[in-house]
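Heads up: the structure comes next, in structure tokens.
Counting convention: from 1, in listed order, for ligands and their atoms alike.
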Amino acid sequence: MPRRNNLQKSLAATLLCAGNLASAGLVYVSSYSQTVTTLNYTHGQNTGIQKLSPVAVSQSCSDNPSWLTLDSPDSILYCINEGLNTPNGALTAFRTSPGGTLQKLGQVSTANGPVSGVVFGNNRHGLALAHYGGSAFTTWDVSNPAKLKLLQTKTYKLTGTPARPDRQDAPHPHEAVLDPTGKFLLVPDLGMDLIHLYSFDPNTLALKDITPISVKPGSGPRHLAFVVKGSKTFAYLVTELGNTIIGYNVTYPNGQIKFTEIFNIPSHGQGPAEPSSYAAAEVVVSPDSNYLIVSSRAENSTIIPDFDNPSTTIPSDPLINFKIDATTGQLKLLQVVPAGGQFPRQFSINKEGNLLAVGLQDDGRVVFVDRCPQTGLLGDFVAYADIAGQITSAVFA
Ligand SMILES: *[C@@H]1O[C@H](CO)[C@@H](O)[C@H](O)[C@H]1NC(C)=O
Ligand SMILES: *[C@@H]1O[C@H](CO)[C@@H](O)[C@H](O)[C@H]1NC(C)=O
Ligand SMILES: *[C@@H]1O[C@H](CO)[C@@H](O)[C@H](O)[C@H]1NC(C)=O
């Protein structure tokens, strides 16, 4: 039996979780239709599926919000506008507030097509952006959010004939990631089958090039997550074209960073390769670093009740849930559950580890999935919100 039939089984599973904490808070949601929406959720037990209404909506990020980067200690939310129909993207800094409203502090035009950002440097005064559309990586001084200042632009060029010319027509940096030591920046590049690598001066933020990490041709590196287990560090790269998860042993010889590939498995775990029509997307590690969850798109692998009209059904893509072996870094498949609709481009986990917020790009919806922090198991949908446009990210405050 194909393992994807497990989906049906996990559907009805109500989560039994001894220590499941209650949690409540705000979630920021970006939509390509110009909005950043603030939701307010409360998560208890056995409350059914709540429908959430926005507590605030901002249209100040400009045309096509593609990603949100929260700097919690400074109460700043960076919104990245991909600018799908314009030559440039934009970066906006908002001041967050307990009431959920976002106050625009500053906005600048950027290189084309930014899709991801990460804060870095001393006191988080730097922001690094990956530009899918512009084949670039940029760094910004954000110490004054009202005066966002461009520092460096790295523009990439293809060096050879790509394995997948249809999607690898140009370099496509897809994410900006900071390593757990806070000393290295990584940029998975879907077009080049590389992870660009930099160290930087934590004060001036000046980048120093490091030899990039090569990935199997045609993989299409998309997103990367780190796991620290005692003295060990592992990294997990999700590839969008190959639909694989590549595991790395990460070491720091003489203050340098070194990646050693330890496995390359399909996005659903050990077994046959996944169809090339799939598009693996996000990878998230649980707050206790014991579990790793991957979203995959364009599978339509199961049907679930329609949130707005439960007597009918909608197709859903999956979330794939793994347990991480603390010693070897290997992944063991735990379960495959419905993501809550089509195209789960991005999702987040709250700090209590008992809730996921999943952005369904093709359904105009964010769904909240129950999770047991002790067992790592994902359970029922507990809340949702319908938000106009294609959902690109959902981030817990
Ligand atoms: C969020 O909901 C909680 C519980 O209903 C409420 O106490 C709180 O004021 C709400 N916050 C906002 C910003 O609406
Ligand atoms: C990973 O790195 C550690 C050093 O931290 C080393 O002892 C171990 O053998 C490596 N494991 C693999 C699978 O490469
Ligand atoms: C998934 O299902 C929807 C609705 O039936 C359809 O529009 C879409 O094309 C399907 N996608 C794939 C990749 O099969």
Group every Ile, Leu, Val, Met, Phe, Trp and Tyr by side-chain heavy-atom contacts under 4.5 Å, then state whether I391 and Y132 land in the same group. no
Single-linkage hydrophobic cluster I387~V55, side-chain heavy atoms < 4.5 angstrom: no
Whether the Q168 and D193 side chains hold a donor-acceptor pair (N or O, under 3.5 Å, no angle test) is what I'd like checked. yes
Taking a cutoff of less than 4.0 Å between a non-hydrogen atom of the residue and any ligand atom, is P98 in contact with ligand 1? yes
side-chain contact (heavy atoms from CB on, under 4.5 Å) evaluation trace for Q330 with I265: CA-CA 10 Å; Q330 297 287 326; I265 59 171; 5.9 Å; no
Tell me if the aromatic rings of Y384 and Y41 count as close, with their centers under 6.0 Å from one another. no
Short version for E299: what comes under 4.0 Å of ligand 3, heavy atoms counted, is neither
Are any side-chain N or O atoms of D201 and backbone N or O atoms of A206, one a donor and one an acceptor, separated by less than 3.5 Å? no
Examine N40 against ligand 1 and note whether any of their N/O atoms are separated by less than 3.5 Å. yes
Contact atoms of ligand 3, heavy-atom distance to P315 under 4.0 Å: 2 (O), 4 (C)
Does at least one non-hydrogen atom of A24 fall below 4.0 angstrom from an atom of ligand 1? no
Other residues, nucleotides, ligands: >12 heavy atoms within 6.0 Å of N123 CG: no
I need the atoms of ligand 1 closer than 4.0 Å to a non-hydrogen atom of G99, numbered in the order shown. 13 (C)
Steps toward side chain to side chain donor-acceptor pair (under 3.5 Å) verdict (T392, S30): CA-CA 6 Å; T392 51; S30 59; 2.6 Å; yes
Distance under 4.0 Å to a non-hydrogen atom of V55: what atoms of ligand 1 satisfy this? 14 (O)
Ligand 2 polar-atom proximity to protein (N/O, under 3.5 Å):
| from | atom 1 | to | atom 2 | distance (Å) |
| --- | --- | --- | --- | --- |
| ligand 2 | 2 (O) | N249 | OD1 | 3.3 |
| ligand 2 | 2 (O) | N249 | ND2 | 2.4 |
| ligand 2 | 11 (N) | N249 | ND2 | 2.6 |
| ligand 2 | 14 (O) | N249 | ND2 | 2.9 |

Expected output: side-chain D189 to main-chain G191 donor-acceptor under 3.5 Å: yes
Quick one: which of D325, N290, T328 gives a side chain to side chain donor-acceptor pair (under 3.5 Å) with K229? N290
Quick one: which ligand 3 atoms are inside 4.0 Å of a heavy atom on A298? 13 (C)
